[in-house]
Every structure is written in C-alpha cells, then in structure tokens.
Amino acid sequence: MKVITDPGELAASYGGALVPTMGALHEGHLSLVRLGRLVGDPLVVSIFVNPTQFGRGEDWQRYPRTFDDDVAAAAAAGADVVFAPDVETVYPPGDPVDIPPLPPVATTPGLEDAHRPGHFAGVCQVVARLFDLVRPRRAVFGEKDYQQLLVVQAMARGQGERWPDLEIVGYPTVRAADGLAFSSRNAYLDRDQRRRALGVSRALAAARADDGGVEAAERSMQEMLAAHDLAVDYAVVRDARTLEPAETPGVARALVAARVDDIRLIDNMAVQFGPETRS
Ligand code: AMP
C-alpha cells in the first residue's frame with residue numbers, strides 16, 4: 001500500500017473507489033474500506049481533517065489524529081492507497097473558493113444545517129475537491145452522517161457533467177455491542193460520559209419501537225435523552241429522502257444530535273411509522 005501526499009501521484013488510481021475520512025479510523029470507517037475494496041479497484045482511502053467544515057469554536061484543533069495507526073488499519077482492511085494531503089494541497093493559497101451549489105437537503109431541514117452553519121458548504125467543498133483529485137468511479141459514505149450522505153448524493157447528481165460516472169454508495173452505521181455508534185469523537189468520552197452517550201442509540205431504538213406516530217416517537221426520544229442527561233439539539237422523525245417533516249406513512253428516519261457535556265454526538269436509524277406499523 002502507498003501513502004500519497006502529492007495529487008500528481010494519483011493518476012494510477014483514477015477510476016477506482018474512494019473512501020473519504022478524517023482519520024482516527026475505527027470499525028465504522030474500516031467497514032467502509034472493506035466495502036470499498038468490493039466496489040472499486042484500486043481503492044483510495046483519504047485522510048484529511050478538513051478545516052472548512054468545522055465552525056468557529058468547534059474541535060478542528062483538537063480533533064483526534066492517529067495517522068500511523070490509520071495507515072496500518074487502512075492497509076489491513078484492503079486499501080491500495082492512503083491519500084493524505086495537507087491543507088495547502090487541498091486548498092492552494094490564491095485559488096478561488098469552489099463550493100458547488102448546495103442542494104435543498106443541505107439547507108432546509110433545520111438539522112445539521114441549522115446547528116452547524118457553514119458545515120455542509122465545507123463538506124461539499126472538500127468532497128468536490130477530493131472527487132476532482134482522486135477521480136473515483138465509486139465513493140463510499142456512511143449512513144452515520146445521514147444528512148451528509150444525502151447532501152453528497154444530491155451534489156453528485158447535480159454536477160453530472162463534472163463527475164459523469166460517479167456513484168455514491170451508502171453503508172449502514174456500525175455500532176459497538178451496546179448500541180453506541182462508532183465515532184472518532186467517542187475518544188473524548190470518559191466512562192460516565194460514555195454511559196450517558198448510550199442514550200442516543202436508545203432514543204433511536206425507542207422511536208423505532210414506538211408505533212404511535214411521529215409525535216409520540218419524538219416524545220419517546222426526548223424522554224430517553226433526558227433520562228441520560230443529554231442536551232438535545234434535535235430528536236426528530238423525518239422523510240428518509242428529503243429530511244423534511246415525514247408526511248406519508250412508511251419508511252422514515254429518526255435522527256438525533258445531542259451533547260454529553262461539550263461532546264456532540266449524532267446518530268440515526270430507519271423507522272416505520274403510520275398505519276402499517278399497527279396492522
Ligand atoms: P469521518 O472520518 O467522521 O468524516 O467519517 C468518514 C466516513 O465514515 C463518513 O462517510 C462517515 O459517515 C463514516 N462513518 C463514521 N462513523 C461510522 C460508523 N459508525 N458506521 C459507518 N460509517 C461511519
């Protein structure tokens with residue numbers, strides 16, 4: 001496996017698969033890498049802690065960086081290349097800022113878009129740049145960041161001429177045995193905080209188990225989050241494709257963002273609601 005920092009060396013990897021990450025690789029990332037291995041050849045894993053998707057006061061500076069371990073783990077999971085550019089390579093000083101038009105799912109649901117202003121502009125900027133540099137045929141993203149997955153899919157669809165053959169592939173969230181979704185930010189949690197963090201997946205499971213409709217499911221989530229002493233940014237059930245309020249009964253998505261002290265966690269699950277669930 002090669003570690004590449006200079007995009008000039010990527011030409012041999014065009015047309016394969018890409019798994020973009022910010023490093024601090026865990027079992028969730030590595031599942032994406034293993035899927036990447038199956039859907040494209042060669043397989044590039046990018047590691048880049050993108051400053052433009054972090055807001056002021058967020059954790060870009062202290063974001064966990066475990067590069068040597070990441071390279072070993074990516075190699076063991078089947079990567080051919082780790083692409084680890086520095087900030088000046090991704091954003092050459094003096095180059096115009098290139099942010100593709102943001103699709104509605106990046107601006108209207110009132111979820112991550114509202115709680116992290118500028119976040120999806122930064123995500124679209126870096127993902128577009130990575131697509132241009134790596135030129136993958138398939139790119140794998142986790143459902144863990146469900147709104148992000150929908151944003152990237154919509155961005156790629158909207159820029160069909162720029163990346164004509166590109167396919168965005170989603171992968172289900174990987175969880176620890178107790179239900180907590182793997183996340184690089186879990187590294188910040190001490191014992192007690194990790195116990196409280198379980199409230200997030202338990203809230204989603206409560207929404208999934210609740211067959212009383214959207215409002216009841218959202219109430220169940222709030223109760224579970226409060227019982228774990230979590231501060232709630234949102235706990236909602238939404239249309240799984242648009243993330244607008246769910247109107248048609250059927251498959252929807254429950255999404256939570258909550259804070260354990262100053263550590264912000266997000267998670268989501270598919271839920272059924274409406275008449276079908278009571279039949
Ligand atoms: P990040 O390094 O946090 O930017 O994540 C890189 C990719 O890994 C994104 O597509 C995430 O959605 C995905 N990811 C993060 N955590 C998980 C998880 N627990 N299960 C599946 N995918 C994940």
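Bear in mind the structure is a predicted one, so any value in this text is a computation, not a measurement. Each ligand, and each atom within it, is numbered from 1 in the order the structure gives. All residue numbers refer to positions in the sequence shown, counting from 1.
Between V174 and ligand 1, at least one pair of N/O atoms sits closer than 3.5 Å. Backbone and side-chain nitrogen or oxygen atoms of F182 are examined, and one is located within less than 3.5 angstrom of a nitrogen or oxygen of ligand 1. In terms of polar-atom proximity, defined here as any N/O pair under 3.5 Å, A181 makes no such contact with ligand 1. Where the criterion is an N or O separation shorter than 3.5 Å, residue side chain and backbone included, S184 fails it with respect to ligand 1. Here's the thing with F141: none of its N/O atoms is less than 3.5 angstrom from an N/O atom of ligand 1.
Of the protein's non-hydrogen atoms, D145 OD2, 3.0 Å is the one closest to atom 11 (C) of ligand 1. Counting protein heavy atoms only, atom 13 (C) of ligand 1 is closest to L32 CD2, 3.6 Å. In terms of protein heavy-atom proximity, atom 4 (O) of ligand 1 is closest to M22 CG, 3.6 Å. Residue, atom and distance of the protein heavy atom nearest to atom 10 (O) of ligand 1 are G142 N, 2.8 Å. The nearest protein atom to atom 5 (O) of ligand 1, hydrogens excluded, is given as H29 NE2, 3.4 Å; this is a heavy-atom distance. Among all protein heavy atoms, the one lying closest to atom 6 (C) of ligand 1 is P20 O, 3.4 Å. Looking only at protein heavy atoms, the nearest one to atom 3 (O) of ligand 1 is Y63 OH, 3.8 Å. Annotation: atom 23 (C) of ligand 1 to nearest protein heavy atom, K144 CB, 3.8 Å.
Not counting sequence neighbours, the partners of R202 by the side chain to side chain donor-acceptor pair (under 3.5 Å) test are H228.
Ion pairing between a basic and an acidic side chain is recognised when a charged N comes within 4.0 Å of a carboxylate O; D70 and R65 show no such pairing. With salt bridges taken as basic N to acidic carboxylate O contacts below 4.0 Å, none links R129 and D95.
Under a 3.5 Å cut-off, the side chain of R238 and the backbone N or O of L111 do not form any donor-acceptor pair. Judged by distance alone, the side chain of T108 and the main-chain N or O of V105 form no donor-acceptor pair under 3.5 Å.
If you check the side chains of N50 and Y91, you find a donor sitting under 3.5 Å from an acceptor. Side-chain contact, E112 with Y234: a donor N or O sits under 3.5 Å from an acceptor N or O.
Shown in contact with T21 at under 4.0 Å from a heavy atom are these atoms of ligand 1, numbered in order with element: 2 (O), 6 (C).
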*Check against side-chain contact (heavy atoms from CB on, under 4.5 Å), V237 and M221*: CA-CA 10 Å; V237 174; M221 288 197 283; 4.1 Å; yes
_Candidate pair Y188 and L265, rule side-chain contact (heavy atoms from CB on, under 4.5 Å), full reasoning_ = CA-CA 11 Å; Y188 302 146; L265 302 172; over 6 Å; no
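Here D267 contributes atom CG and K144 contributes atom NZ; the two are 6.0 Å apart, rounded to the nearest 0.5 Å.
Under 4.0 Å from ligand 1, not a single heavy atom of A24 appears.
Of the candidates Q53, H26, E143, it is H26 that places a heavy atom closest to atom 16 (N) of ligand 1.
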